[in-house]
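The structure appears right after this line, and notes come after that.
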Amino acid sequence: MPYSPWWRRHRRAFWQYFFPAASEQYQPVQRKSTQVFLRKLLEDPTRLVEHIRYTFTSSIIKIIYGLDVAEKNDEYIAMMEKVLEGGEAFVPGRYYVEFLPFLRHIPGWVPGAGFQKDFAEWRHAAKWVRNVMAERTKEGMVRTVDGGTSQSVLAQLVGRIDEEDSPSSSEEFEIAKNVALTSYEGQHALDTYSTLQTFFVAMASYPDVQKKAQAELDAVVGPSRLPDHSDRLGLPYINAIIKEALRWGPVLPFSLAHQSIEDMEYDGYFIPSGTILIPNTWACLHDPKNYPDPERFLPERFLRDGKLNLEVCDPARFAFGYGRRICPGRYFAEASLFINIATVLHVFDITPPLDENGRVTPIQLKMTNRIVSYAVLFQHPRHV
Ligand code: HEM
C-alpha cells in the first residue's frame with residue numbers, strides 16, 4: 001500500500017492497538033500461549049518449529065479475532081498457515097512469471113505455469129481469513145470459550161463503526177479487515193518465528209550464554225514460578241539476548257524496499273522521486289564499528305556494569321525498518337520474544353541435536369536467502 005491518506009488510516013487504526021501501553025493488554029494471552037508452548041516442547045521437542053508456529057499463530061488469532069483454536073487440525077490455523085506459505089514462498093527470481101509477465105495468461109495445467117495453482121490457493125486463503133473470519137466477528141458469531149463477547153482487536157474496530165450501511169462505515173469495515181489480516185499475513189508472523197528460531201540456534205551453539213541467562217533467571221525469578229512480563233526490567237541479560245538475536249540473524253536482511261516520493265538529496269547524493277531504496281539492514285547489524293566481532297553471539301556487548309548499556313546502538317533501530325513505515329508491531333513482537341525466551345530458558349536446557357550414534361552435532365547459524373530469512377536448520381521442507 002503506497003503512502004497515502006488510505007494508508008494513514010490503516011496505520012492509525014493498527015497503532016491504537018499496538019502502541020507500547022496498548023500492547024500490554026495482550027500479555028495474558030502471550031503468557032498462556034507460552035505455557036502451551038512449554039508443554040508441547042516437553043511432550044515432543046523434535047517438533048520445535050511446528051510448536052513455535054502454533055504458539056504464535058494461536059496467540060495472534062486470539063488477540064486479533066478473539067478465537068480460541070483447537071490444539072490439532074484447527075481450521076483457522078490451517079488457513080493462516082496457507083496465507084503464510086504464500087509469504088514464505090516469495091524469493092526474487094523463483095517464478096518465471098516475474099520475468100515473463102505474459103505467463104500469467106497461460107492456464108495452470110500448462111507445464112511451467114504451476115505457479116497459478118499456488119497463487120490461487122494463497123489468494124483464496126488470504127481472502128478467507130480477511131473476509132470470512134472478519135464477517136464472523138462482525139456477526140457476533142465469535143465467542144470466547146466462556147461464552148463472553150470477544151474483546152478482540154477486530155471486534156473493537158468493528159464496534160467503533162457508527163452506522164451500518166453508510167459509505168464511511170463500509171470503508172471503516174474494509175480498514176478493520178485489512179488491519180486484522182495485516183497483523184498476521186505476509187512476513188510479520190514469520191519475523192517473530194524466525195527470531196525465536198535464531199535464539200534456539202544461539203543457545204545450542206553458545207552454552208555459556210545459556211548458563212548465564214539461567215543464572216539470572218534463577219536469581220530474579222526463583223525456582224517456584226515462571227517468568228512474567230513484569231520481570232523484564234530486572235532481567236538485563238535476557239533483554240541483551242533478545243537484542244543479540246535480532247542483530248545476529250536479521251529476519252529481513254534487506255528490510256522492505258521503500259520508494260522516494262519526491263526529489264531529495266542525501267549525503268551529497270541526488271535521489272530522484274520514484275527511486276526504489278533497499279536498506280542494507282544486515283550490514284548495519286554486522287558493522288564491526290558498532291558491534292565488534294559481529295559474527296559472534298555476544299549479549300555482553302549490550303551490557304555495562306550488569307545493566308543495559310544505552311550507548312550501544314540498539315539493533316531494533318535497524319531490525320524493525322525505517323521512517324514512517326517502521327514496524328508498528330515492534331513492541332508486541334519484543335514482548336512476545338521476551339516471554340517465550342525467558343520462560344523456555346527458565347525450565348529447559350537447549351542443546352545441539354544428536355546424531356544416530358548419540359554424538360552431538362555442532363550447528364552453525366546459516367540464514368536462508370529469502371526476503372524473510374530463516375536459520376537454514378528450520379527451513380520449511382516445502383522450500384528446501
Ligand atoms: C521480530 C519480529 C518483527 C520484525 C523483525 C519486524 C520487522 C518489520 C520490518 C523491517 C518492517 C518494514 C518496515 C519498513 O518498511 O521500513 C515491518 C513492517 C510491518 N510490521 Fe513488523 N516485524 C516484526 C513483527 C511484527 C508483528 C508481530 C506485527 C504485528 C502484530 C508486525 C506488523 C507490521 C506491519 C503492520 C508492518 C507494515 C507497516 C507499514 O507499512 O506501515 N510486525 N516489520
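Heavy atoms only: backbone and side chains are in, while hydrogens, waters and symmetry mates are out. Every number for a ligand or one of its atoms is a count from 1 in the order of the listing.
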Below a 4.0 angstrom heavy-atom separation, can you tell me which part of [X], side chain or backbone, both or neither, approaches ligand 1?
X      : value
Thr192 : both
Arg11  : side chain
Thr195 : side chain

Per-atom contacts, ligand 1 versus [X] - under 4.0 Å to a heavy atom:
X      : value
Leu252 : 7 (C), 8 (C), 9 (C), 10 (C)
Ser255 : 10 (C)
Trp7   : 39 (C), 40 (O), 41 (O)
Ala319 : 5 (C), 7 (C), 10 (C)
Phe18  : 30 (C)

Original post:
Any chance the rings of Tyr17 and Tyr26 have centres within less than 6.0 Å?
Top reply: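 When the ring centroids of Tyr17 and Tyr26 are compared, they turn out to be at least 6.0 Å apart.
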Among [options], whose heavy atom sits nearest [atom]?
atom                    : options                        : result
atom 35 (C) of ligand 1 : Thr182, Val251, Thr198         : Thr182
atom 4 (C) of ligand 1  : Tyr331, Tyr322, Phe320, Phe332 : Phe320
atom 23 (C) of ligand 1 : Leu256, Asp191, Leu196         : Asp191
atom 17 (C) of ligand 1 : Gly323, Pro253, Cys327, Ala335 : Cys327

Original post:
Going by distance alone, is a donor N or O of one side chain under 3.5 Å from an acceptor N or O of the other, for Ser58 and Tyr76?
Top reply: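 Ser58 vs Tyr76: no donor-acceptor pair found between side chains.
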Original post:
Counting heavy atoms not belonging to Phe270, are there more than 12 under 6.0 Å from its CZ?
Top reply: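 Enclosed: over 12 neighbouring heavy atoms sit under 6.0 Å from CZ of Phe270.
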**OP:** Would you check if the side chain of Thr275 reaches a backbone N or O of Ser260 as a donor-acceptor pair within less than 3.5 Å?
**Re:**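 Not at all, since once roles are kept as given, no pair shorter than 3.5 Å links the two residues.
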Subject >> Donor-acceptor contact below 3.5 Å, side chain His124 vs main chain Ala120 >> reply: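 Not at all, since once roles are kept as given, no pair shorter than 3.5 Å links the two residues.
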Original post:
Got a sec, which pairs hit side chain to side chain donor-acceptor pair (under 3.5 Å) with one end in residues 224-252, sequence neighbours left out?
Top reply: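 Listed once each, the pairs are Gln30-His229, Arg31-Asp228, Arg225-Asp231, Asp228-Ser230, Arg232-Asn239, Tyr237-Glu300, Lys243-Asp314, Glu244-Arg247, Glu244-Arg301.
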Subject >> Set of side-chain hydrogen bond (donor to acceptor under 3.5 Å, both in side chains) partners for Asp263, sequence neighbours left out >> reply: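 In terms of side-chain hydrogen bond (donor to acceptor under 3.5 Å, both in side chains), with neighbours along the sequence ignored, Asp263 is linked to no residue.
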Original post:
Are the charged groups of Glu43 and Lys40 less than 4.0 angstrom apart, N to O?
Top reply: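 No.
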Subject >> Salt-bridge present (Glu334, Arg330; N to O < 4.0 Å) >> reply: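 No, Glu334 and Arg330 are not salt-bridged.
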Original post:
Has His258 got any heavy atom lying under 4.0 angstrom from an atom of ligand 1?
Top reply: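 It does, in that a heavy atom of His258 comes within the 4.0 Å cut-off of ligand 1.
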**OP:** Please determine if Ser183 has a nitrogen or oxygen closer than 3.5 Å to a nitrogen or oxygen of ligand 1.
**Re:**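 No, no N or O pair falls under 3.5 Å.
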